Amino acid sequence: MTDLVDIHQHLWPEPLLGALAERSEAPCLRLREGRWRLRIQGEPEAAIDLADHDAAARADLVRADGLDRALIAPSVPLGVDALTRAEAEPLIAAYHRGVAALPDEFGAWAAVPLSDPDPSALEAWLDAGFVGACISADALAGPRSLDHVGAILELLERRGAPLFIHPGVATASTCERPSWWPAMTDYVSAMQRAWFAFATWGRPAHPELRVCFAMLAGLAPLHRERFVARGGLPSFDPNVFLDVSSYGDRAIDTVVREVGVDQIVFGSDRPVVGARGPGLGDALEAAMRRSNPARLLGAAREMVFA
């Protein structure tokens, strides 16, 4: 029987936590007054509860959620993938090494350093059992950006492995902003740009690539009428999926009415957002957790870390 899957969680394993704590510039962890604090570009410094990244406790939560497996994604807003190769490599290696050692309840998406998107390095991680690659939405925002990561997309397409598109680094600002500002502005607009850019330039170049957009692509599918009114051509893409992370039943139901049940997959974004309970009926909830992730992941769903 196909597993029940959460395709979008974050867990910082010990090697990555150690590498972040050794840094003096963002992204980095700093211990102040007995609490760990995270510094990343474009967002206020924030306290981090390392208990959220305890592997055994998180494995218990996977089972408590009624799931068989959760896929760990790189925390792209940290900005690790956008660092120079010399800075990015130790952090990305620490992420891969750490998540590959997690309990059996977890699988993972591979990270890609955008300064030097090397398909041979990604191929090695796919061979080791990573289900696909996670890339920042900003890296897919137009034809030039898509060309830059074209070799990565070609490899995923050839291997039958999916691409997971996740919000990236927030725009830096000198003005005071509430903590929720990047999530409601930068993240949403970046996901919408990536949605329309992939449909316009990415899909013609990679016709068989399976793609999943985090956070319902910032609700980009709901702009279809406006898109058509401006001269866009409506289309249905069975190889594009949307995870429901950070949205509730009302938004999910509305997107389902636009794209259909078969394109929606369950992603909790834990521990950033707690897992939502089933609320849209047994059939849709089962599709989001079982049959749709199976189609998104394809053969990759059977992979385990070597």
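As the structure is a computational prediction, the values presented were derived from the model and not from experiment.
Using modelled atom types, one side-chain atom of Asp118 and one backbone atom of Ser120 make a donor-acceptor pair closer than 3.5 Å. With hydrogens and angles ignored, the 3.5 Å screen pairs a side-chain donor or acceptor of Gln263 with a backbone N or O of Pro238. Without hydrogens or angle criteria, Glu45 side chain to Leu38 main chain gives no donor-acceptor distance under 3.5 Å. With hydrogens and angles ignored, the 3.5 Å screen pairs no side-chain donor or acceptor of Ser75 with any backbone N or O of Pro77. With hydrogens and angles ignored, the 3.5 Å screen pairs no side-chain donor or acceptor of Asp81 with any backbone N or O of Ile92. In this structure, the side chain of Arg290 does not engage the main chain of Pro293 through any donor-acceptor pair within 3.5 Å. Looking only at distances, no side-chain donor or acceptor of Asn239 sits under 3.5 Å from a matching main-chain atom of Leu209. Distance alone, capped at 3.5 Å, places no donor-acceptor pair between the Asp65 side chain and the Leu67 backbone. Remark: side-chain polar atoms of Arg193 are not paired, donor with acceptor, to backbone N or O of Asp138 under 3.5 angstrom. Arg30 contributes a side-chain N or O that, together with a main-chain N or O of Arg23, makes up a donor-acceptor pair within less than 3.5 Å.
Taking CD1 from Ile7 and CG from Leu71, the interatomic distance works out to 7.0 Å, rounded to the nearest 0.5 Å. Atoms CG and OG, from Leu78 and Ser136 in turn, are 11.5 Å apart once rounded to the nearest 0.5 Å. If you take CZ on Arg210 and CZ on Phe241, they are separated by 7.5 Å, rounding to the nearest 0.5 Å.
Under the 6.0 Å cut-off for aromatic ring centres, His166 and His8 qualify, their centroids lying closer than that. Aromatic ring centres of His206 and Phe198 lie farther apart than the 6.0 Å criterion allows. Here Phe164 and Phe213 keep their ring centres 6.0 angstrom or further from each other.
Between Ala170 and Pro182 the shortest heavy-atom distance is CB-CB, 3.6 Å. Shortest non-hydrogen contact noted between Arg58 and Gln9 is NH2-OE1, 2.8 Å. Across all non-hydrogen atoms, the minimal contact from Val99 to Ala108 is CG2-CB, 3.8 Å. In this structure, Leu163 and Trp109 approach most closely via the heavy-atom pair C-CZ3, 4.3 Å. Between Leu114 and Ile135 the shortest heavy-atom distance is CD2-CG2, 4.3 Å. Of all non-hydrogen atoms in Thr84 and Ser115, the two that sit nearest each other are C-OG, 3.8 Å.
Between Arg85 and Asp116 there is a salt bridge, since at least one side-chain N of the basic residue sits less than 4.0 Å from a carboxylate O of the acidic one. A salt bridge does not link Arg144 with Asp147: none of the charged nitrogens is closer than 4.0 Å to a carboxylate oxygen. Arg289 and Glu285 are joined by a salt bridge, as a carboxylate oxygen and a charged side-chain nitrogen come within less than 4.0 angstrom of each other. Residues Asp253 and Arg257 are paired through a salt bridge, judged by an N-O separation under 4.0 Å between the basic side chain and the carboxylate. The pair Asp237-Arg203 meets the salt-bridge criterion, with a side-chain N (NZ, NE, NH1 or NH2) lying under 4.0 Å from an Asp/Glu carboxylate O. A salt bridge does not link Arg230 to Glu225: none of the charged side-chain nitrogens sits closer than 4.0 Å to a carboxylate oxygen. By the 4.0 Å N-to-carboxylate-O rule, Arg159 lies close enough to Asp127 to be salt-bridged with it. Classification of Arg35 and Asp49 as a salt-bridged pair fails, no side-chain N sitting under 4.0 Å from a carboxylate O.
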**OP:** For the pair Arg97 and Glu14, evaluate salt bridge (Lys or Arg N to Asp or Glu O under 4.0 Å) and give the outcome as yes or no after the intermediate values.
**Re:** CA-CA 10 Å; Arg97 185 169 68 254; Glu14 287 292 338; over 6 Å; no
**OP:** Run the numbers on Val265 and Val244 for side-chain contact (heavy atoms from CB on, under 4.5 Å), then give the verdict.
**Re:** CA-CA 7 Å; Val265 294; Val244 300; over 6 Å; no
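One hydrophobic cluster holds both Val112 and Leu140 under the rule that ILVMFWY side chains link at heavy-atom gaps under 4.5 Å. A continuous path of Ile, Leu, Val, Met, Phe, Trp and Tyr side chains, each step under 4.5 Å between heavy atoms, connects Leu29 with Leu31, placing both in one hydrophobic cluster. In the hydrophobic clustering of this structure, Leu20 does not group with Val169; members are Ile, Leu, Val, Met, Phe, Trp, Tyr whose side-chain heavy atoms approach within less than 4.5 Å, directly or through other members. No path of Ile, Leu, Val, Met, Phe, Trp and Tyr side chains, each step under 4.5 Å between heavy atoms, connects Ile48 with Val76, placing them in separate hydrophobic clusters. A single hydrophobic cluster is not seen to contain both Val272 and Leu61; linkage of ILVMFWY side chains at heavy-atom distances under 4.5 Å, directly or through other members, places them apart.
In summary, the side chains of Ser246 and Asp269 do not present any donor paired with an acceptor at a separation below 3.5 Å, with no hydrogens or angles considered.
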Table please: side-chain donor-acceptor pairs of residues 184-192 below 3.5 Å, with sequence neighbours left out.
| residue | atom | partner | partner atom | Å |
| --- | --- | --- | --- | --- |
| Thr185 | OG1 | Trp181 | O | 2.7 |
| Thr185 | OG1 | Trp181 | NE1 | 3.4 |
| Asp186 | OD2 | Thr171 | N | 2.9 |
| Asp186 | OD2 | Thr171 | OG1 | 2.7 |
| Tyr187 | OH | Glu43 | OE2 | 2.5 |
| Ser189 | OG | Thr185 | O | 3.0 |
| Ser189 | OG | Asp186 | O | 3.2 |
| Gln192 | NE2 | Gly218 | O | 2.7 |

